[in-house]
Amino acid sequence: MRWYLTYSAGVSANIDHQHVHVLESAGNNPLGPYTYKGQVDPYGDNRWMIDSSYPSMPDGRLYMLYSFWEGGTQNLYAVRMSNPWTPTGGAVRIATPTYGWEKAGSGVNEGPTILQHGGRTFLTFSASHCDTPDYKLGLMELTGGDPLAAGAWKKWPRTAAAAPGPPGPRR
């Protein structure tokens, strides 16, 4: 067994050049040592991307979720991986800021993290600009079978912090 650590890094004092990089442990000790495996670049042209995570998806395949700046907003993407540092095929946008609570300061969806409970797969994310008091948590659910299909994800229309509790059973 190996451990993998992803991190976002770029040029000092310039957030416009951040990229996701991967380290691999030499063995099964999470404390390392680690070796650098490379930069993850689903587009092949060194684009800005941050906040990666490897979700455990129901289909058992390896995916990476991340945030990517495009068209004036920061969006959530998913891509299949052949290993923790090599994308396979194209990346797919699975969420973009659409609600007012996701657009304070600027339109942002970032920090995707998967939660699973009762056979259901949820994705939590941060929304709105991180440097405003309106920075919030959002919630999506995988309601379709293919995590690379944007339509397979349902975004809850209000922040997770404002919701009265977790969504009830799917009917």
Side-chain angles (χ1 to χ4, degrees), residues 2-25 34-99 101-116 121-132 135-156:
R2 304 280 176 138
W3 289 86
Y4 294 92
L5 179 112
T6 67
Y7 62 95
S8 302
V11 179
S12 177
N14 185 342
I15 64 168
D16 293 336
H17 296 286
Q18 293 187 68
H19 306 287
V20 171
H21 301 268
V22 179
L23 301 176
E24 179 185 55
S25 70
Y34 282 84
T35 57
Y36 182 75
K37 295 307 287 185
Q39 177 183 325
V40 179
D41 187 6
Y43 310 97
D45 61 2
N46 204 30
R47 294 184 193 183
W48 183 96
M49 62 186 279
I50 63 168
D51 295 351
S52 59
S53 66
Y54 299 112
S56 176
M57 291 298 201
D59 67 7
R61 295 178 177 170
L62 181 62
Y63 295 90
M64 178 180 275
L65 301 174
Y66 60 93
S67 184
F68 173 65
W69 188 264
E70 126 189 276
T73 61
Q74 201 172 320
N75 307 298
L76 297 180
Y77 275 76
V79 65
R80 283 253 344 254
M81 305 290 286
S82 61
N83 58 47
W85 59 92
T86 309
T88 302
V92 176
R93 183 175 59 210
I94 60 171
T96 190
T98 53
Y99 296 109
W101 56 267
E102 299 174 285
K103 297 178 182 182
S106 63
V108 173
N109 286 171
E110 64 185 5
T113 302
I114 293 292
L115 302 170
Q116 293 175 323
T121 299
F122 299 95
L123 185 155
T124 62
F125 62 96
S126 299
S128 287
H129 195 274
C130 64
D131 141 12
T132 71
Y135 198 47
K136 295 178 175 52
L137 291 178
L139 183 66
M140 296 170 50
E141 182 178 3
L142 181 63
T143 57
D146 183 2
L148 291 181
W153 294 95
K154 175 190 175 190
K155 185 186 289 183
W156 296 89

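- A 4.5 Å side-chain heavy-atom check between Y7 and L5 finds at least one atom pair inside the cut-off.
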| query | Can L137 and S126 be said to form a side chain to side chain contact (heavy atoms under 4.5 Å, CB included), step by step? | reply | CA-CA 5 Å; L137 291 178; S126 299; 4.1 Å; yes
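- In this structure, the side chain of T143 does not engage the main chain of W153 through any donor-acceptor pair within 3.5 Å.
- When side chains are defined from C-beta on, E70 counts as touching Y77, because their heavy atoms get closer than 4.5 Å.
- Contact between I50 and E110 at its shortest, heavy atoms only, is CD1-OE1, 3.9 Å.
- Inter-residue side-chain proximity for V79 and V40 is flagged as unmet; no heavy-atom pair is nearer than 4.5 Å.
- Under the 6.0 Å distance and 45° angle rule, K37 counts as a cation-pi partner of W85.
- The backbone N or O of K136 sits nowhere less than 3.5 Å from a side-chain atom of S128 that would complete a donor-acceptor pair.
- Among all heavy-atom pairs drawn from N46 and H19, the shortest one is O-CE1, 3.0 Å.
- For H21 against A9, the heavy-atom pair with the smallest separation is NE2-O, 3.9 Å.
- For the atom pair NZ of K154 and CG of L142, the computed distance is 13.0 Å after rounding to the nearest 0.5 Å.
- Between the CG atom of L65 and the CZ atom of F125 there is a distance of 12.0 Å, given to the nearest 0.5 Å.
- Contact annotation: the side chain of Q116 never approaches that of P55 to less than 4.5 Å [non-hydrogen atoms, C-beta and beyond].
- Nearest heavy-atom pair, D59 versus R61, reported as atom, atom and distance to 0.1 Å: OD1-N, 3.0 Å.
- If you take OH on Y4 and CG on L62, they are separated by 9.5 Å, rounding to the nearest 0.5 Å.
- Rounding to the nearest 0.5 angstrom, the gap separating the CG atom in N109 from the CG atom in L76 is 4.5 Å.
- When every heavy atom of W156 is checked against every heavy atom of Y99, the shortest pair comes out as O-CE1, 3.9 Å.
- Pairing each heavy atom of P97 with each of G107, the nearest pair is CG-C, 3.3 Å.
- With sequence neighbours left out, T6 forms a side-chain contact (heavy atoms from CB on, under 4.5 Å) with V20, V22, S52, Y54, M64.
- With sequence neighbours excluded, the residues forming a side-chain contact (heavy atoms from CB on, under 4.5 Å) with W69 are W48, Q74, listed by chain and number.
- Put simply, CG on N83 and CD on E24 are 8.5 Å apart, with the number rounded to the nearest 0.5 Å.
- Inter-residue side-chain proximity for P42 and Y66 is flagged as met; some heavy-atom pair is nearer than 4.5 Å.
- Between I114 and M57, some side-chain heavy-atom pair lies under the 4.5 Å cut-off.
- Residues S25 and T35 form no side-chain contact, since every pair of their non-hydrogen atoms from C-beta on lies 4.5 Å or further apart.
- Atom CG of L115 sits about 7.0 Å away from atom OG1 of T113, to the nearest 0.5 Å.
- Remark: the backbone N or O of P112 is paired with a side-chain donor or acceptor of S53 at under 3.5 angstrom.
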